[in-house]
Amino acid sequence: MSYKAIDCLHFIDGQYAASQNGKTFDNVNPATGKVIGTVAEGGKEEIDLAVAAAKRALNGPWKKMTTHDRIAVIRRIGDLILERKDELAHLETLDTGKPLWLSSSIDIPRSGYNFQFFADYLRSLGTESYQQDDVAIHYAIRRPVGVVGLINPWNLPLLLLTWKLAPCLAAGNTTVLKPAELTPMTATILGQICKDAGVPDGVVNIVHGFGPNSAGAALTEHPDVNAISFTGETTTGKIIMQAASKTLKRLSYELGGKNPNLIFADADLDEVIETTLKSSFVNQGEVCLCGSRIYVQRPVYEAFLDKFVTKTKELKVGDPFDPKTKVGALIGEEHFGRVTSYIQLALEEGGTILTGGKRPEGLDEGYFLEPTIIVGLDRNCRVVQEEIFGPVVTVIPFDTEEEVIEQANDTHYGLSASIWTNDLRRAHRVAGQIEAGIVWVNTWFLRDLRTPFGGMKQSGIGREGGMHSFEFYSELTNITIKL
Ligand code: NAD
């Protein structure tokens, strides 16, 4: 079944609404470059309305709802997402250019599971208590933080938005969501889903718009917003930190990455290749966790490259609705220009392109790019240091464990890393020395929602997942009773 693109309105106080001044912007399908709909363009006025609704809702029926009922509502949001999976996956693919099989198997199902997971987690959530000899009893109570602004990127639109919204609601907060301007459709539908699931009006508000001088900035500056959870570029995070500092908002940051894969000579090469193809090119390389710096130990360097290049050439790039497509379209014209400028830079920096580097033949419309493998670059090159966020990887040989650890850590980023080795002791030894919030050994992208997720250095602040999400979205008050 085929679904049509929708025009996107804001969702404020339980109602869909146009902008106060009627302003809209175009929504473009990255696979065709054609306009498929309009999006209401929000700014300060819409953010003011949404924050006011969220503030009122903090003391409304949402506050009085029992934990049992709140769990049921949150679980129901997840169920409704799964019930509407085909429609949501279709719209996600229209918005992002990613293959439909990917939206259907990862983005949308995991969005539903996010609500189910945090609903279940809430059921057994407690707080600390301590008996201090015969002097006192201390116990903590948990309360919502208040109105939380959730600002999201375009690469995994519904998945990342729900990864924030589910624990935010589970902890009893109200929220104003600012979806990425390039991918507004599934967020828009989520408003109705929340209402259908029984979320009271004003608890979830969605305002579309851009970042600077627009809805995003207005949200981060608003005095009645108590916290901001932001996923996006490191540079944007720095701007938001300045804006949020004026009212000292609590911040959670999931930012960019330039993640290393460390492939030792004793690893199972076929397994390495299979997973490295995914960690390099899945979702067009537009995943913050993609391994874009590949370090291969010299004895297997040539064998790795032979196989990796051959398999990469076999990846079908093209129509996201074709089930055989492995790599869809990049998100838009501007990003396409940015990614291809790095390919040009790689040549200027002395690199060699082993495959890719250009538009696939016959795909003149949309923003398609062949998966690209670059070798011959020095570790200090900008292409090796800066996040490209596209289907572009560099491969660099190494000799010793010490050398590769040092190179892997030689970046401002610290989000994730993958280590490939069959030497158990080395796996533990190296994993503990990599400066990253997430380290995989002999795998990639394997997630358990209970585990801490996030980056160190300039890849983020704080962790999401399980208990860590509740820590961010709750205020704790410690109560001490003298005995
Ligand atoms: P971006 O920073 O350009 O935009 C993200 C969101 O911030 C958008 O909704 C945008 O409108 C908003 N925004 C932009 N400027 C703003 C401002 N001044 N004030 C308030 N809001 C503003 O990022 P993007 O291009 O959408 O996403 C790609 C980036 O996200 C990459 O760097 C990627 O690594 C990162 N990312 C990180 C994770 C993670 O978990 N660490 C996950 C996905 C994406």
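In each ligand, atom 1 is the first atom listed, and ligand 1 is the first ligand listed. In this chain, numbering begins with 1 at the start of the sequence shown.
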Chemist: Please work out, at 4.0 Å between heavy atoms, whether the side chain, the backbone, both, or neither of L182 comes within that distance of ligand 1.
Modeler: neither

Chemist: Between E370 and R359, is the closest basic N to carboxylate O distance under 4.0 Å?
Modeler: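 Looking at R359 and E370, the cut-off is not met.
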
Chemist: Among all protein non-hydrogen atoms, which one is nearest to atom 20 (C) of ligand 1, and what is the separation to 0.1 Å?
Modeler: G216 C, 3.2 Å

Chemist: With the threshold set at under 4.0 angstrom, would you say Y253 reaches ligand 1 through any of its heavy atoms?
Modeler: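 False for this residue.
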
Chemist: Using distance alone, with no hydrogens and no angle criterion, decide if S469 and E464 have a side-chain donor and acceptor under 3.5 Å apart.
Modeler: no

Chemist: Report, as yes or no, whether the 6.0 Å neighbourhood of atom NZ on K55 holds more than 12 heavy atoms from other residues, nucleotides or ligands.
Modeler: no

Chemist: Verify whether one side chain among T394 and R293 offers a donor that lies under 3.5 Å from an acceptor in the other.
Modeler: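 Checked: T394/R293 side chains show no N/O donor-acceptor pair below 3.5 Å.
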
Chemist: Which of the atoms in ligand 1, numbered in the order shown and given with their element, are less than 4.0 Å from a heavy-atom of F453?
Modeler: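 Close to F453: 40 (O).
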
Chemist: Going by distance alone, is a donor N or O of one side chain under 3.5 Å from an acceptor N or O of the other, for K34 and N29?
Modeler: no

Chemist: Could you check atom 37 (C) of ligand 1 against the protein and tell me its nearest heavy-atom contact, residue, atom and distance included?
Modeler: L255 O, 3.1 Å

Chemist: Are any of the heavy atoms in G460 under 4.0 Å away from ligand 1?
Modeler: no

Chemist: Measure from atom 29 (C) of ligand 1 to every heavy atom in G232, A243, S416 and give the option owning the shortest one.
Modeler: G232

Chemist: Give the atom numbers and elements of ligand 1 that come within less than 4.0 Å of a heavy atom of L415.
Modeler: 41 (N)

Chemist: Find all atoms of ligand 1 within a distance of less than 4.0 Å from any non-hydrogen atom belonging to F230, and give their numbers and elements.
Modeler: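 So the answer, numbered in order with elements, is 2 (O), 5 (C), 6 (C), 7 (O).
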
Chemist: Of all the heavy-atom pairs spanning A171 and Y473, show the shortest one and how long it is.
Modeler: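 A171 and Y473 have their closest heavy atoms at CB-O, 3.4 Å.
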
Chemist: Examine T234 against ligand 1 and note whether any of their N/O atoms are separated by less than 3.5 Å.
Modeler: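 No; every N/O pair is 3.5 Å or more apart.
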
Chemist: Going through the distances and angles, do F321 and W101 end up as a ring-ring contact (aromatic ring centres under 6.0 Å, His included)?
Modeler: CA-CA 8 Å; F321 289 95; W101 61 260; over 10 Å; no

Chemist: Ignoring hydrogens and geometry beyond distance, is a side-chain donor-acceptor pair present between T188 and H208 at under 3.5 Å?
Modeler: yes

Chemist: What I want to know is whether E233 and ligand 1 share at least one N or O pair that is separated by under 3.5 angstrom.
Modeler: yes

Chemist: Tell me: protein heavy atom nearest atom 18 (N) of ligand 1, and distance?
Modeler: I239 CG2, 3.7 Å

Chemist: In terms of residue, atom name and distance, what is the protein heavy atom nearest to atom 31 (C) of ligand 1?
Modeler: E387 OE1, 3.4 Å

Chemist: Got more than 12 heavy atoms from elsewhere within 6.0 Å of CD, Q242?
Modeler: no

Chemist: Among all protein non-hydrogen atoms, which one is nearest to atom 22 (C) of ligand 1, and what is the separation to 0.1 Å?
Modeler: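 That would be G211 CA, 3.4 Å.
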
Chemist: Starting from atom 10 (C) of ligand 1, which protein heavy atom do you reach first, and at what distance in Å?
Modeler: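 The answer is E181 OE1, 3.5 Å.
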
Chemist: Out of N155, T236, I240, L160, who is nearest to atom 1 (P) of ligand 1 when you count heavy atoms only?
Modeler: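 That would be T236.
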
Chemist: By number and element, which atoms of ligand 1 are closer than 4.0 Å to a non-hydrogen atom of N152?
Modeler: 5 (C), 6 (C), 8 (C), 9 (O)

Chemist: Quick one: nearest non-hydrogen protein atom to atom 38 (C) of ligand 1, plus distance?
Modeler: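 The answer is C288 SG, 3.0 Å.
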
Chemist: If you draw a 6.0 Å radius around CZ in R450, do more than 12 non-hydrogen atoms from other residues or ligands fall strictly inside?
Modeler: no

Chemist: Looking only at protein heavy atoms, which one is nearest to atom 12 (C) of ligand 1, and what is the separation?
Modeler: I151 CG2, 3.7 Å

Chemist: Does A180 come within less than 4.0 angstrom of ligand 1, counting non-hydrogen atoms of the residue?
Modeler: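 Flag set, A180 near ligand 1.
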
Chemist: Counting distance only, does the side-chain N/O of E349 pair as donor-acceptor with the main-chain N or O of V383 below 3.5 Å?
Modeler: yes

Chemist: I'd like to check atom 27 (O) of ligand 1 in this structure: does the protein have a heavy atom lying under 4.0 Å from it?
Modeler: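 At least one protein heavy atom is under 4.0 Å away.
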
Chemist: Checking Y113 against W163 for the ring-ring contact (aromatic ring centres under 6.0 Å, His included) test, could you report, in this order, the C-alpha distance in whole Å, the side-chain angles of both residues, the deciding distance, and whether it holds?
Modeler: CA-CA 9 Å; Y113 302 152; W163 176 237; over 10 Å; no

Chemist: Establish, yes or no, whether the cationic atom of R84 lies under 6.0 Å from the six-membered ring centre of Y3 and within 45° of the ring axis.
Modeler: no

Chemist: Is there a heavy atom in P179 that sits closer than 4.0 Å to ligand 1?
Modeler: yes

Chemist: For G202, does its backbone N or O pair with a side-chain atom of N205 as donor and acceptor, under 3.5 Å?
Modeler: yes

Chemist: Quick one: which ligand 1 atoms are inside 4.0 Å of a heavy atom on W154?
Modeler: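 Counting from 1, the qualifying ligand atoms are 24 (P), 25 (O), 26 (O), 27 (O).
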
